Structure formats: C-alpha cells, structure tokens
Amino acid sequence: MEAVFTVGLTGGIGSGKSAAAGCFRALGVNVVDADWAARVVVQPGQPALEKIAGHFGAGILLDSGELDRAKLRQRIFEDSDERRWLENLLHPLIREEILRALQNGTGPYGILESPLLIESGQYKLVNRICVVDLPEELQVQRASERDRNDPAQIRKIMAAQLSRNERLAKADDVLDNSGPPEKLKTQVESLHRKYLQMAQAQR
Ligand SMILES: CC(C)(COP(=O)(O)OP(=O)(O)OC[C@H]1O[C@@H](n2cnc3c(N)ncnc32)[C@H](O)[C@@H]1O)[C@@H](O)C(=O)NCCC(=O)NCCS
Ligand SMILES: Nc1ncnc2c1ncn2[C@@H]1O[C@H](COP(=O)(O)OP(=O)(O)OP(=O)(O)O)[C@@H](O)[C@H]1O
C-alpha cells in the first residue's frame, strides 16, 4: 500500500495541539490523535488493562472496570520508573493503533497529533514535524485552567516531556500559539496549502 503523506503535529501539554488539529480537520485532513489511541488500548477487555491492574493493583480500576486515569496519572508522574513501565507496555500498542488509523483514513494527507511524537519514536511514522509553540508559563496556565489541575502537577508532566528548545530544534514547521485562536487558524491555513502541495508532489 502507498504511504500517505503524513505530518506529525506535536507540542507539550496544553500547547494547543487539539486546537490546531481541529483547524486541520475542518479543512478535510485525516487527523489521528495519539491520546485517543492511548485510550483505545486500555479499554475494558484489552490485555493491557489487565496487565496494568496486575502491576499497580486492582485499586487502579474504577468500580465500572475502567481505568482510573486520574489515579494512574498521579502515580506515573510521581515515579519515573512506573512511567517507563507503563510506556514500555503501551507505546508499541499505541503505535499499531495509530498505523491502522492512518492507513484507513481518507483526505489529501494525514496528521498524527501526538504530545510524545519525538520522545516515543513516533516521528518515524511521519514525513515532517510541525511543532505548536508557546512560552512555557503560558502552557502551564492554559493546561491548568483547562484540566482544573494543580500547576505543580502540570509542571511534573512537562518535566517528563522535551523542553521547548529541544522540541523546536526538531521542527520543520512551527505554529506560534502565543496569540489568540484566530492567529493560530490563519497559520494552519497557510501550512495546509503547503502540505497539499507536498502531498501532491509525493504522488
Ligand atoms: C496516565 C494517563 C492514564 C492519564 O490520563 P489522563 O486522561 O489524565 O490524561 P491524557 O491521557 O488525556 O493525557 C494528557 C496529557 O498528558 C501528557 N502525557 C500523557 N502520558 C505521558 C507520558 N507518558 N509522558 C509525558 N507526558 C504524558 C500528554 O501531554 C497528554 O496530552 C494517560 O496519559 C496514559 O495512559 N499515559 C501513558 C500513555 C502515553 O504515553 N500517552 C501519551 C500519548 S502517546
Ligand atoms: N490561542 C489560544 N488562546 C487561548 N486559549 C487557547 C489557545 N489555544 C488553545 N487554548 C486553550 O488552551 C487549552 C489547551 O489547548 P489544547 O487542548 O488544544 O492543547 P493540547 O496541546 O491539545 O493539550 P494536551 O496535550 O493536554 O491534550 C485549552 O483549554 C484550549 O481551549
């Protein structure tokens, strides 16, 4: 099967990946979300969920049998060994789910939206890297407002991700999301024109 031209869309927690992805979707692009794939692989009945309950104890599940995400979030960002254990289990499964969704999608090109595009090796699945960028303080502010989360926990999560400069060093394209949403949309529209041409040229 022909590989579809694919752009990796990345940025730290609360950077505005979902906002940018929404603009690309509105333009008809097939957007695959790694956070969505990460949820699919731990649905009740999936072997990974049983392994998580075996490792962290049955208390990591809600009464409904679903994963208690808030509890697991607390555990893995307190303890980097536990986080690595979870990543070793989930990242290969997430990768398979992403590949399936990219191959099944329609649209002129694909976008893989992922917070850990570079860290997890998922960048190997894409032709280009687009980074959603903003100052780290603004990132903490937006992420903690959205999740009604303690800024200290957001900082712990950021500590498990690349720094702003490390991420920017890997970028082929940058979306500046320090301004209002309308400015992000204009930048997406301009990148979309460029990606359409690149996808066309690859065929
Ligand atoms: C710990 C979990 C259960 C918390 O779930 P919760 O619903 O609270 O958050 P959600 O999944 O929406 O993630 C929110 C954000 O946290 C950050 N994040 C999640 N996992 C990680 C990680 N392993 N390392 C660094 N940042 C992470 C990302 O910026 C992500 O967008 C969940 O994030 C998880 O299963 N993480 C491990 C799988 C993974 O690495 N996912 C990242 C996408 S590949
Ligand atoms: N330009 C902007 N101006 C103001 N608020 C914004 C802007 N862009 C995004 N936001 C808000 O900031 C928060 C984080 O944005 P978003 O959910 O798109 O980030 P994300 O990168 O997808 O985060 P995560 O990695 O946690 O999924 C949301 O509440 C969103 O509505």
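The figures that follow rest on heavy atoms only: side chains count, while hydrogens, waters and symmetry mates do not. Note that this is a predicted model, so its numbers are computed, not measured. Order of appearance sets the numbers: ligands from 1, and atoms from 1 within every ligand.
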Scan the side chains in residues 15-37 for donor-acceptor partners under 3.5 Å anywhere in the protein, sequence neighbours excluded, and list what turns up.
| from | atom 1 | to | atom 2 | distance (Å) |
| --- | --- | --- | --- | --- |
| Ser15 | OG | Gly12 | O | 2.8 |
| Lys17 | NZ | Gly11 | O | 3.0 |
| Lys17 | NZ | Gly12 | O | 3.0 |
| Ser18 | OG | Glu113 | OE2 | 3.4 |
| Arg25 | NH2 | Val31 | O | 3.4 |
| Asp33 | OD1 | Asp35 | N | 2.9 |

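With respect to atom 19 (C) of ligand 1, the closest heavy atom belonging to the protein is Phe77 CZ, 4.1 Å. The closest protein non-hydrogen atom to atom 40 (O) of ligand 1 is His91 NE2, 2.7 Å. The nearest heavy-atom contact from the protein to atom 7 (O) of ligand 1 is Arg69 NE, 2.7 Å.
Below 3.5 Å of separation, one finds no N or O of Lys17 facing any N or O of ligand 1.
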For side-chain hydrogen bond (donor to acceptor under 3.5 Å, both in side chains), just list the numbers for Asp176 and Ser178, CA-CA rounded to whole Å, side-chain angles, deciding distance to a tenth of an Å, and then say yes or no. CA-CA 6 Å; Asp176 170 11; Ser178 60; 2.7 Å; yes
As a quick check of understanding, evaluate side-chain hydrogen bond (donor to acceptor under 3.5 Å, both in side chains) for His91 and Gln122, giving each step before the final call. CA-CA 9 Å; His91 285 181; Gln122 288 162 8; 5.7 Å; no
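Under 4.0 Å from ligand 1, not a single heavy atom of Trp36 appears. Looking at Val42 against ligand 1, nothing comes within 4.0 Å, counting heavy atoms. When heavy-atom distances to ligand 1 are checked against a 4.0 Å cut-off, Glu119 has no atom that comes that close, whether in backbone or side chain. Contact annotation: for Ile13 versus ligand 1, heavy atoms closer than 4.0 Å belong to both the backbone and the side chain.
At least one donor-acceptor pair under 3.5 Å links the side chain of Asn127 to the backbone N or O of Thr6.
Residues forming a side chain to side chain donor-acceptor pair (under 3.5 Å) with Ser190 (at least two apart in sequence, or on another chain): none. Asp68 pairs by the side chain to side chain donor-acceptor pair (under 3.5 Å) definition with nothing, not counting sequence neighbours.
The shortest non-hydrogen separation linking Gln46 to Val41 is CB-O, 3.3 Å.
Taking a heavy-atom cut-off of under 4.0 Å, ligand 2 is surrounded by Gly12, Ile13, Gly14, Ser15, Gly16, Lys17, Ser18, Ala19, Asp35, Arg142, Arg146, Asn177, Gly179, Pro180, Pro181.
The Gln122 neighbourhood of ligand 1 comprises atoms 44 (S), with distances under 4.0 Å to a heavy atom of that residue.
Aromatic ring orientation, Phe5 versus Tyr195: tilted (interplanar angle from 30° to 60°).
Ranked by closest heavy atom to atom 17 (C) of ligand 1, the top entry among Gln161, Arg73, Arg39 is Gln161.
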